[in-house]
Amino acid sequence: MAIDPICGMNVDESTRWRSTRDGQTFYFCCEHCLHKFESGQTSQPEPQQLVTLGAPPEKKSCCHGGQHDHHGHGHAGKKKSTSSAKYICPMCEGVESETPGDCPKCGMALERNQPAGRQTKTVYTCPMHPEVRQDHPGSCPKCGMDLEPETVTADEEEDDPELFWMTVRFWVAAGLTLPIFALAMLPKVGVQIGLPAEVTRWIQFVLATPVVVWCGWPFFVRGAKSLKTMNLNMFTLISIGVTAAYLYSVAATLMPGAIPDEFRHGDEVPVYFEAAAMIIALVLLGQVIELRARKRTGSAIRELINLTPPTARLIENGEEREVPLSEVATGQELKVVPGDKIPVDGEVISGSSSVDESMITGEANPISKKEGDNVIGGTVNQSGTLRIKATNVGEDSVLSQIVTMVGQAQRSRAPIQRLADTVSGYFVPAIVGTSIVTFIVWAIWSPAEPRLAFALLNAVAVLIVACPCALGLATPMSIMVGVGRGAKEGVLVKEAAGLETLQQVDTVVVDKTGTLTEGKPKLTHVQPTDNFSEEDLLKYAAAVEQNSEHPIGQSIVNGAKDREIQIPAATDFDSTTGQGVQAQVDGKQVVCGKPSLLKEHGVDFTAEGSPEGTTVYLAIDGQYAGSLVVSDPLKASTEEAIRALHDMGIRVVMMTGDNPKVAEAIAKKLNIDDYQADLSPQDKHDGIVKLREKGAKVAMAGDGINDAPALAAADVGIAMGTGTDVAIESAAITLMGGDLNGVVKAFRLSRGVMRNIKQNLFFALVYNGVGVPIAAGILVPFFGMHALLNPMFAAAAMSFSSVSVIGNALRLRATNLTE
């Protein structure tokens, strides 16, 4: 157990709320305490601040009112209101005040509300160890990597002090290393430089010392920290290897007579300043390239952030003025002209237009918007002028929620990373041990002289060539880029584990209504008899149904309006519950409804219902006139999406609450593998459980409301969103559009990311598995001394291994999820 430094609670160290400062890890009872700590508060509050009025004596209160037991487990604090009031109660929703005071319900002191969109202090974290968090740049105490901002900013070129100083150190190292390299290598290829060996040693010493001491200083600091905390990492190996080569060379320069004969080439004492300096320069180059590449992994979030315009057209007191987006408040009226980006989430209060929502939902076709419809901030108004009322601004907006969800998913860990974590735990100690063994073996059994010189070089090469970071970055880099790529297509991943599980799925269960179909009944067929036209049939049916509130009747009316048919007035309207309606239209008696209602009125006909929907029959003046079919039409992309799922080897099962005849007709039309109809939400849940018991790996795609039990029961829940709701707790993946093609995109994304991760892991494991033995000299018995790996080449290989992993992950940005 640990002590929360903010509220003094006892906290289990397995908690996810933790932060690292100055190499020490602190644990917190809740997110609120963590934020206080990161904002600079480190001391425990006064005892009276920890007492909640009316709290039971055996309970201890968190600093913000959440209830904990004496072990610090459990948390009953409620989410803060997003109200614009200055002071609110953290425990009681709805309690707001413009002035400080106590809550009238629970007696707690009211807290200042955080306005939506407020900029908080940047948190820096490690891509390999997301539990490491601090409020300033630095290096990870576990792996030594540079920390990066947890929240991506809109400006990609924002000053990065780590990158700046790494770049400066690299250019200084490169400028000083080139003459060292020339002095050391030219004589070996027969080019005489005309200087005594002792003089060249001193020149190399003078040039190499600033490279090692100043340019390589960050590596030594990280290496020393890793030894102190026993979190051995790449910088442990680099610092040990460079230190060994440099200190030996210094000793050989200052005290050449003290060097054993086993190190000498004849009468000369070799030095390895060029190796030490070149290693530092190449590692710095690798760090610069890696830091630049890592910044590009946030490009997807950066593009999302940049979707919102900087200003909005505010309508106030009948006048229009342009204001910064940060000044827009909920309830204000805004004007959006064609070509403008919609600044905030809102509701259309006047006007009509088509809106391009592809950047949010992945839906390629523009969406028609009219009065009463919702619009999403960041989408593009295309054709008409809209007036909207702002409904969600700042942190409450859909776009802000998407950015938050994507950021959290990018920091989540996939189960496959356990392999890398397990290997990494033994990696550095094994490399250090291998280096020691290499030195001993070469010192005793070297096939050439000087034995100790070869022993030292090969031992250093083993240390330098190994790259634990390539292994550690293999999974998080692919997750980070892949999750961002999915967000651009409207596929929001809640956590990496869901993405990994999805690629194992062999069965997709889909709901019918709203998933395969539009979810709204429409008039799909008009079938008149020989004595009537389609227009007559629809005109009389719409006239009698316009007084009905039944959804089927409204669908018929809307169908007539869509065909621009003039609907006459109806009189003497009468409705029979569960049967239909009747009325006088243009002096004619019109009966519309089920066959039984028409037969009650003496109409003799043969009813032929359609399996695709509900059939409504019509009689005019006692004569059968025809039928109309109202059904829930299939979405245009459904058939193509199911075909794509079949092509991927995925079995499709439909579970619907609709009647069996309709379900059967749709299943046959779409070539669905299996279907179950007339199901309740609980039946769907039980059906998925049975599929899993039979060994199927199941994903469920539903609307996230009545399908919540089924979504939770599946191996992976896929919530079909509407573009305005991203907070669906029962699903691992949320599709911003309600299109089944989004499910196909999710599968392609999952398979692409997992394939990329496996490529990275394969590369990292093979690289280290091959590079270390070669550096140790395993090829020398077969190919002679030319097969030795010089430490400089080992440094180059090591530096670019991590870059190769990141570069491979960045390929996911170009993944085509549509085909």
Side-chain angles (χ1 to χ4, degrees), residues 169-189 191 193 200-201 203-205 207-213 215-216 219-220 223 234-235 237-250 252-253 263 265 270-290 431 435 438-439 442 448 450 452-467 469-470 767-768 770-780 783 785-804:
R169 291 176 194 271
F170 163 70
W171 286 114
V172 172
L176 295 176
T177 299
L178 286 176
I180 300 173
F181 185 80
L183 288 171
M185 291 302 182
L186 288 178
K188 294 182 179 180
V189 296
V191 179
I193 57 178
T200 61
R201 283 201 300 269
I203 294 175
Q204 290 181 56
F205 168 64
L207 295 175
T209 297
V211 174
V212 173
V213 175
C215 297
F219 305 149
F220 295 114
M234 177 181 78
F235 298 101
L237 304 177
I238 293 172
S239 57
I240 292 175
V242 172
T243 299
Y246 177 75
L247 292 182
Y248 159 77
S249 301
V250 170
T253 302
F263 277 102
H265 283 283
V271 292
Y272 303 109
F273 287 119
E274 84 284 357
M278 187 64 77
I279 289 169
I280 293 296
L282 290 171
V283 174
L284 282 169
L285 176 60
Q287 289 290 294
V288 170
I289 296 175
E290 180 182 322
I431 294 301
S435 177
T438 299
F439 183 89
W442 277 87
L452 290 184
F454 283 118
L456 177 63
L457 284 177
N458 293 333
V460 170
V462 168
L463 291 172
I464 299 302
V465 79
C467 188
C469 279
Y767 165 82
N768 286 293
V770 172
V772 172
I774 291 177
I778 196 171
L779 297 180
V780 170
F783 302 102
M785 298 297 287
H786 296 292
L788 285 177
L789 184 64
N790 189 289
M792 290 183 291
F793 295 113
M798 183 277 296
S799 296
F800 287 98
S801 59
S802 293
V803 175
S804 299

query: Can you tell me how far OG1 of Thr177 sits from CG of Leu284, rounded to the nearest 0.5 angstrom?
result: 9.0 Å

- prompt: So which heavy atom on Arg169 is nearest to which on Cys215, and how close?
  reply: O-SG, 3.4 Å

field: Test item: Leu207 and Pro179 side chains (from C-beta on) under 4.5 Å apart, heavy atoms
entry: yes

query: Under 4.5 Å between any side-chain heavy atoms of Phe793 and Val465, yes or no?
result: no

Contacts of type salt bridge (Lys or Arg N to Asp or Glu O under 4.0 Å), residue Glu290, not counting sequence neighbours: Arg294

task: Locate the shortest heavy-atom distance separating Ala466 from Leu237; write the atom from each residue and the value.
output: CB-CD1, 3.8 Å

statement: Heavy-atom nearest pair, Ala245 first then Ala276, reads CB-CB, 4.4 Å

field: Criterion side-chain contact (heavy atoms from CB on, under 4.5 Å) against Phe219, the qualifying member of Thr243, Val242, Ile280, Val212
entry: Ile280

query: If you take all heavy atoms of Ala787 and Leu779, which pair is closest and at what distance?
result: CB-CB, 3.7 Å

query: So which heavy atom on Phe273 is nearest to which on Ile180, and how close?
result: C-CG2, 4.1 Å

- prompt: With Ala796, which residues qualify under side chain to side chain contact (heavy atoms under 4.5 Å, CB included), at least two apart?
  reply: Leu282

message: Rounded at 0.5 Å granularity, tell me how far CD1 in Ile431 sits from CD1 in Ile464.
response: 11.5 Å

query: Can you tell me how far the CG atom of Asn768 sits from the CE atom of Met798, to the nearest 0.5 Å?
result: 10.5 Å

- request: Compare all side-chain heavy atoms of Leu285 with those of Ile289 and state whether any distance is below 4.5 angstrom.
  value: yes

field: Rounded distance (nearest 0.5 Å) linking atom CG of Asn790 with atom CD1 of Ile279
entry: 8.0 Å

- request: With sequence neighbours excluded, tell me which residues meet ring-ring contact (aromatic ring centres under 6.0 Å, His included) with Tyr248.
  value: Phe263, Tyr272

statement: Scanning both residues in full, the closest heavy-atom pair of Ala461 with Ala794 reads O-CB, 3.8 Å

message: How long is the straight-line distance from CG of Leu186 back to CZ of Phe181, given to the nearest 0.5 Å?
response: 8.5 Å

task: Check the pair Leu452 / Phe439 against side chain to side chain contact (heavy atoms under 4.5 Å, CB included), numbers first and verdict last.
output: CA-CA 8 Å; Leu452 290 184; Phe439 183 89; 4.2 Å; yes

Gap between atom CE of Met185 and atom CE of Met278 - 0.5 Å precision: 7.5 Å

message: When you compare the side chain of Leu457 with that of Leu788, does any pair of heavy atoms fall below 4.5 Å?
response: no

